[in-house]
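What follows is a set of notes on a single structure, which appears directly below.
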2 protein chains.
Amino acid sequence: MAGIDEVARATGVSTATVSRALRGLPNVSDKTRARVRRAADELGYVASSSASGLASGRTLAMGVVVPSVSRWFYTSVLEGVDAELRSASYDMILFNLGGHRGDRERVFHRTILRKRTDALLAMCLDFTADERHQLASTGHPTIVVGGPVRGLRSVGIDERGTARRATEHLIALGHRDIAHLGGEDEEGLNRQVPIGRMHGFQDALRDAGIPVRREWIIPGGFSLPLSRAAMNTLLDRPGPRPTAVFAGSDEMAMGAILAAYDHGLRVPDDLSVIGIDNHDFAESFGLTTMAQDPFEQGAVAARILLDELNGGEPRARSLKMPVTLIERASTAPPRRD
Amino acid sequence: MAGIDEVARATGVSTATVSRALRGLPNVSDKTRARVRRAADELGYVASSSASGLASGRTLAMGVVVPSVSRWFYTSVLEGVDAELRSASYDMILFNLGGHRGDRERVFHRTILRKRTDALLAMCLDFTADERHQLASTGHPTIVVGGPVRGLRSVGIDERGTARRATEHLIALGHRDIAHLGGEDEEGLNRQVPIGRMHGFQDALRDAGIPVRREWIIPGGFSLPLSRAAMNTLLDRPGPRPTAVFAGSDEMAMGAILAAYDHGLRVPDDLSVIGIDNHDFAESFGLTTMAQDPFEQGAVAARILLDELNGGEPRARSLKMPVTLIERASTAPPRRD
DNA sequence: TTGAAAGCGTTACCAC
DNA sequence: GTGGTAACGCTTTCAA
């Protein structure tokens, strides 16, 4: 409740000095600073963010745009971003698109673009040319996590290469009949991610001289239930079954494992399954996976933004973060029939 | 970039009128309003939140405090809150405690309490007397979701009654050897939730004349991996095994199911499992559960806050939301030996 | 229905 | 090292 002038009065200095003292600026004697700090604490004074934002032009808040808050990847990134923001005393304004296509307009055209945030971090969104133009016009530092976006730098992984390595792992084990549970993400999300993963899958098959069967590339919507259903449908079909599945995410891989159980198949004996992510549940499922670290991706991206806000040199380059194969119990050589 | 005076100049009216027109206040002619709107759109004008916040005393932002962002319940509530805020054009400032005990101080004493938000919604936190005092001193409307807190109204479910009903379901099926996977949540979170659920479990046993075995009440930390490990440990013990498990959350229930598989037990033939939540994965796991709706809880809580911000009457009463039993394939009568 | 002008609570610049 | 004082860009009250 107390304003800056009450602190000034209590301390016997000017509001200018109070402001400098509290923000740790130079040109304040240690003695004065201590007195001011004490008075501020006693009065419970906290600077109004509106007032300081108006006067300084900095809000000390970062906007974070997420497509949804209920997917492992997004929440992991969010935790990483949050950790960085916290240590910089920045607040996070969360813009959740939550499947509401129409709200992108609001977010872009209004709230985000101006005034409430100093920078913007977006997850897995595919921006239109117009949106990118608007972003640029704000002059705020901007970055994307999880999937390259034309015209914007990003932090992510090598989608195609990772998918390729996952598939190669299956091929190295001796599999030739391999299905792919793919993303087919919703509109407005970054389609480069599922597409890149599918291309990597195909790359590996082609290099190994294995023909790609289109009917074994099925959509799992990045979701466990959908993947389980899709996989069940595939296993229901007459004719030969795959001996292995490369799922574009661990959640989809878990769906595949459950579908295998639904059909009385054992993993990995009857069906090998590999995913991407190293989801919190991956170990419990015994899932072999290409592990990425979204927490770190978020932290790195946030740090880049914060550095620039503190006068650091802007770095235009996108970052590819490392991915490592973790072998667990869901992959093995195919059974000899 | 454009300021309000540029819009005023372009329209030939005063800034006061522009402000009124754009905010939909009365006492502006339709013609003027239309002209102002058009000019604002053309110039890409958006009011600065800092400036309007300073002038009006309202930030049009709500603070949301979460213990973490990577648990199903929290993210579901978050989505519900978000949906409500969005339709009211409110922004969300997310304060993630993320296990950082020390940050509570920062959150409470500084950032949240004043100036940046108009209201505060907290999830599953147990507030100290001092924290509650500080909250009250802001004069901001406050509410808690997920677990009753002394001195604060909340939106949640009847923890004890729900647990009791879950346990009674097992008893009605004929089970008498029932274990409980409990919460034992971290410090600072609301312990009333896991404690209430354990009490409900014991209530049901006592009413049925079944003695409570303390060694069958084991901690699952609200997490799948921890629950799986705990359940495996229990199943490893010599002596009689439970024929059913009441898990305090679906995630823990899934851990129990996986542990059953680890031991070559079939669900529900050898072990019945019931949870609480109706987690996104519950159906895929065929999990019988006491379904709650955290999305709705979040939405309801947010709506209460927003109503009060719009001059509505404050309602002090806490709300208990409905819970329904969903029977799936994880529960059945115990096998006759 | 509209306009003029006084704040709102800081920060930043310039003197001292 | 410190203080005075314009901004900052709106909203709100009071007059017209």
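By convention in this document, chain letters (A, B, ...) are assigned in the order of the sequence lines, proteins followed by strands, and residues within each chain are numbered from 1.
- Taking atom CZ of A:Arg58 as the reference point, atom P of C:dT10 lies 18 Å away to the nearest angstrom.
- First and last contacts of DNA chain D with chain B, using any nucleotide atom under 4.0 Å from a protein heavy atom and ordered 5' to 3', fall at D:dG9 to D:dT13.
- For the pair A:Val77/A:Phe73, a side-chain contact is recorded, criterion being any heavy-atom separation below 4.5 Å from C-beta on.
- Across all strands shown, A:Thr32 has heavy atoms under 4.0 Å from sugar-phosphate atoms exclusively, and none from any base.
- Side chain of B:Thr138 to backbone of B:His140: a donor-acceptor contact under 3.5 angstrom is found.
- In this structure, A:Ser48 does not reach the C:dG9 phosphate: none of its side-chain N or O atoms is under 4.0 Å from OP1 or OP2.
- Salt-bridge annotation for B:Arg303 and B:Asp307: absent, with no side-chain N of the basic residue lying under 4.0 Å from a carboxylate O of the acidic one.
- The CE atom of B:Met92 sits 6.0 Å away from atom CG of B:Leu85, with the distance rounded to the nearest 0.5 Å.
- Atom CG in A:Leu60 sits about 12 Å away from atom C1' in C:dT10, given to the nearest Å.
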For residues 28-36 of chain B, tabulate all N or O donor-acceptor pairs below 3.5 Å that involve a side-chain atom, not counting sequence neighbours.
{"unit_1": "B:Ser29", "atom_1": "OG", "unit_2": "B:Thr32", "atom_2": "N", "d": "3.1"}
{"unit_1": "B:Ser29", "atom_1": "OG", "unit_2": "B:Thr32", "atom_2": "OG1", "d": "2.7"}
{"unit_1": "B:Arg33", "atom_1": "NH1", "unit_2": "B:Ala21", "atom_2": "O", "d": "3.0"}
{"unit_1": "B:Arg33", "atom_1": "NH1", "unit_2": "B:Leu25", "atom_2": "O", "d": "3.3"}
{"unit_1": "B:Arg33", "atom_1": "NH2", "unit_2": "B:Leu25", "atom_2": "O", "d": "2.7"}
{"unit_1": "B:Arg35", "atom_1": "NH2", "unit_2": "B:Thr11", "atom_2": "O", "d": "2.8"}

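- Closest-nucleotide positions on DNA chain C for A:Ser50 and B:Thr17 were compared, and the one nearer the 5' end corresponds to B:Thr17.
- You'll find the side chain of B:Met123 stays beyond 4.5 Å of the side chain of B:Ser68, heavy atoms only.
- At distances below 3.5 Å, at least one donor-acceptor pair connects side-chain atoms of A:Glu79 with backbone N or O atoms of B:Val69.
- In this structure the side chain of A:Pro67 reaches within 4.5 angstrom of the side chain of A:Leu125, judged on heavy atoms.
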Review item, nucleotides 12-16 of chain C N/O atoms under 3.5 Å of protein N/O:
{"unit_1": "C:dA12", "atom_1": "OP2", "unit_2": "A:Arg23", "atom_2": "NH1", "d": "3.1"}
{"unit_1": "C:dA12", "atom_1": "OP2", "unit_2": "A:Arg23", "atom_2": "NH2", "d": "3.4"}

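- If you measure from atom CG of A:Leu54 to atom P of C:dG9, you get 12 Å, rounded to the nearest angstrom.
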